[in-house]
Engineer: 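Please read through the structure below; I'll follow up with questions.
Counting starts at 1 for both ligands and their atoms, following the listed order. Since the structure is predicted, the reported quantities are computational estimates derived from the model, not experimental observations.
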Amino acid sequence: MSNDSSLNHTSVLIVGAGPAGLSAAIALKKADPEAEVVVVDKAAGPGHHNLSGAVLEPEALHKLLDPVAPDWRESESAKKVLVSKVEKDDVLFLLGDGMAFNIMKLIHMAKGMGLAFGQMVHQGDYICSVAQLTAWLCDIAKSLGVEVLHGFAVEDILYDAATGTTSGVKLVDQGLDKERRPQINYTPGETVTADVIMIAEGCDGLLAEKFIERAALHRDAQQLYSVGVKELIRVSDEQYARFGDGHVVHAMGYPIWTPVIGPGMFGGGIMYAMGDNRIAVGMIVGLDWKYCDFNPQDALTRFKQHKFVQSFIEGGQVIEAGAKMIPEGGLRAVPRDPDTGAVGKGNVLLLGDSAGFVNMCKIKGLHNAIESGMAAARALIETRNEPTRAAQAYARQLEEAGVIAEMTTAENFRQTVAKFGPLQGMPLSVLGRWLPAFNIEPDWQTMTTARYRLKPSVKFDKDTFTAVAATEHREEEPCHLLILDETICVEKCLPKFGAPCITFCPAGVYEKIHDQPKPANPSNCLHCKTCQRKCPFDNIRWTVPEGSGGPRYKTM
Ligand code: SF4
Ligand code: SF4
């Protein structure tokens, strides 16, 4: 496939070179070395758009790699990517900026009682960087003969509603100027046809959402999102030794929610030992926050200032940073064909975060992303001569792989917390499936004029954050962030909420220019999609920029 041919075809096209898409490619090539498998990804290089905590449950990775390379555990790549096994696993409840209570015993008790909360035990899991994991899986896929093409951004899916069939995808035009006029280097985005298409773009993917809408896939519940902001901090020998290799900390409470006085948001902080004197520090916040002046980076700052966290990172240097959304709605928010129950339709399959396979009781989705990739590969082998049955076979393979059963254990968790708030919702969620199915409004509708009371005194430095995310786009390309109606910004949003996009965008993309909020710095965009889901008037659309634009994560 090249940019100068007008039409190309492959038997299997995977959109998105993340853990789900690459696992599908690896499993498929292993099962059928003759299969023609092409993976396209909008990032400039392997792993550049992949960010996660990350703590990875090992079984799915073992299942994927054992048949491919039985001695993979001894390889230098594995030792580098899978930083260490979790040896010290703490869950803290933070009260104010000084007190921390370790509630890990409660989590173990919950596990013993079979409660969903007990899934938060991470002992024995791998600590890893998902950017490095992805780059490694990319090498393995290529070694098996998979064609992995970076810098290829997909903007549309060729779905025919009359016949219910999908023939391919269209890549983004390259070389337009800001007014969409062709420049000397203009290359129209080519059409790529395929017998089967796997959509594995990650959370809130443009192609996935277009397909869900056009193919009329159904979600039983609204998808809910959170955004994670994360920094990789190099600390001193003494600090790192005190924190310890193999140590992971998950923290709830302050500064996201506190009893009685608030605030009352869902989320929490993380600290993971990443080796080489590096600690990953992050904050994940549910997008259903109500504070119009809230920025998750403010919560990250407060978290870093907490006495416990500060003792390990004070004086450290932020060497990398980034932001990404997480699909939190669980099983009821997974899109399905209403006729067949398939997670996809006909010859189109939705994988990993594109489907929403994140278990919020575990705070994990990576293992399900890998499992869904392997399930998709098995489905394709099974329906080799009948690609239009692939999605149905995939639904059954997901069941057999245990993905659906696991997701069922956390089925109502996030909706319960959204309905009752973290203080009442977290304990209530132990009732799981016995609770009624709550209808939760989309995240963008939850904004109020309330203010976040714990704003740090110093403004978060978004410029440095963006610089270490190494994000870049061609300055002359059309702006990929569309404000649908600019009068809403001025007449409704500014007077009522003060233009929250300017505050919450982690990359400082939005600014007020002559009193008009605008995406003034689109080249800073981290592709987190928060603005598309949190603008209180649902007035922003994130479209795909030219291939190779965006962050260049190395160890996120
Ligand atoms: Fe408000 Fe959305 Fe306009 Fe930003 S884009 S000012 S959040 S309406
Ligand atoms: Fe995220 Fe939107 Fe800001 Fe880009 S512009 S970094 S997608 S919030």
Engineer: Specify whether an N/O/S atom of C535 falls short of 2.8 Å from atom 1 (Fe) of ligand 1.
Structural biologist: no

Engineer: Any idea which heavy atoms bring C479 and L482 closest together, and the distance?
Structural biologist: O-CD2, 3.8 Å

Engineer: Within the 4.5 Å heavy-atom criterion, are V83 and S129 side-chain neighbours or not?
Structural biologist: no

Engineer: Show your reasoning for whether ring-ring contact (aromatic ring centres under 6.0 Å, His included) applies to H250 and Y272.
Structural biologist: CA-CA 9 Å; H250 293 90; Y272 297 161; 5.3 Å; yes

Engineer: Check ligand 1 against A499 and write out every atom of the ligand that is under 4.0 Å from a heavy-atom position of the residue.
Structural biologist: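 Ligand 1 atoms under the 4.0 Å threshold to A499: 6 (S).
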
Engineer: Any idea which protein heavy atom is nearest atom 4 (Fe) of ligand 1, and the distance to it?
Structural biologist: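 The closest heavy atom on the protein side is C501 SG, 2.4 Å.
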
Engineer: Which residue supplies the protein heavy atom nearest to atom 1 (Fe) of ligand 1, what is that atom called, and how far is it?
Structural biologist: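 Heavy-atom neighbour on the protein nearest atom 1 (Fe) of ligand 1: C493 SG, 2.3 Å.
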
Engineer: If you count heavy atoms of other groups shown closer than 6.0 angstrom to NZ of K512, is the number above 12?
Structural biologist: no

Engineer: Should the ring pair H480 and H473 be called parallel, tilted or perpendicular, given that the plane angle runs from 0 to 90° and is split at 30 and 60?
Structural biologist: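 Parallel.
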
Engineer: Parallel, tilted or perpendicular: which fits the ring planes of F438 and F420, with parallel below 30° and perpendicular above 60°?
Structural biologist: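 Perpendicular, since the angle between the ring planes exceeds 60°.
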
Engineer: Against heavy atoms of P517, which atoms of ligand 1 measure under 4.0 Å?
Structural biologist: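 Reading through ligand 1 atom by atom, the close ones are 6 (S).
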
Engineer: Answer yes if the side chains of T446 and K534 hold a donor-acceptor pair under 3.5 Å, and no otherwise.
Structural biologist: yes

Engineer: By the definition side-chain contact (heavy atoms from CB on, under 4.5 Å), identify the one residue from T166, D156, L158 that meets it with R214.
Structural biologist: D156

Engineer: Counting non-hydrogen protein atoms only, what is the nearest one to atom 3 (Fe) of ligand 1? Give residue, atom name and distance.
Structural biologist: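 Result for atom 3 (Fe) of ligand 1: C489 SG, 2.4 Å.
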
Engineer: Below 4.0 angstrom from a heavy atom of P536, which ligand 1 atoms are there? Numbered from 1 as shown, please.
Structural biologist: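 Near P536, meaning under 4.0 Å from one of its heavy atoms, ligand 1 has 7 (S).
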
Engineer: Record the part of I540 in heavy-atom contact with ligand 1 below 4.0 Å; permitted values are side chain, backbone, both and neither.
Structural biologist: side chain

Engineer: Which atoms of ligand 2 sit under 4.0 Å from any heavy atom of Y510?
Structural biologist: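 Within the 4.0 Å cut-off of Y510, ligand 2 contributes 5 (S).
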
Engineer: With 2.8 Å as the limit, jot down which protein N, O or S atoms are around atom 1 (Fe) of ligand 2.
Structural biologist: C528 SG

Engineer: Return yes if a side-chain donor-acceptor contact under 3.5 Å exists between D220 and H218, otherwise no.
Structural biologist: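 Yes, because at least one side-chain N or O of D220 sits under 3.5 Å from a partner of the opposite role on H218.
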
Engineer: Between N521 and E511, is any side-chain donor less than 3.5 angstrom from a side-chain acceptor?
Structural biologist: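 Yes, because at least one side-chain N or O of N521 sits under 3.5 Å from a partner of the opposite role on E511.
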
Engineer: When you measure from the side chain of T134 to the backbone of G18, do you find a donor-acceptor pair of N or O atoms at a distance under 3.5 Å?
Structural biologist: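 Checked: no pair found.
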
Engineer: For L481, counting its heavy atoms only, list the atoms of ligand 2 lying under 4.0 Å from any of them.
Structural biologist: 5 (S)

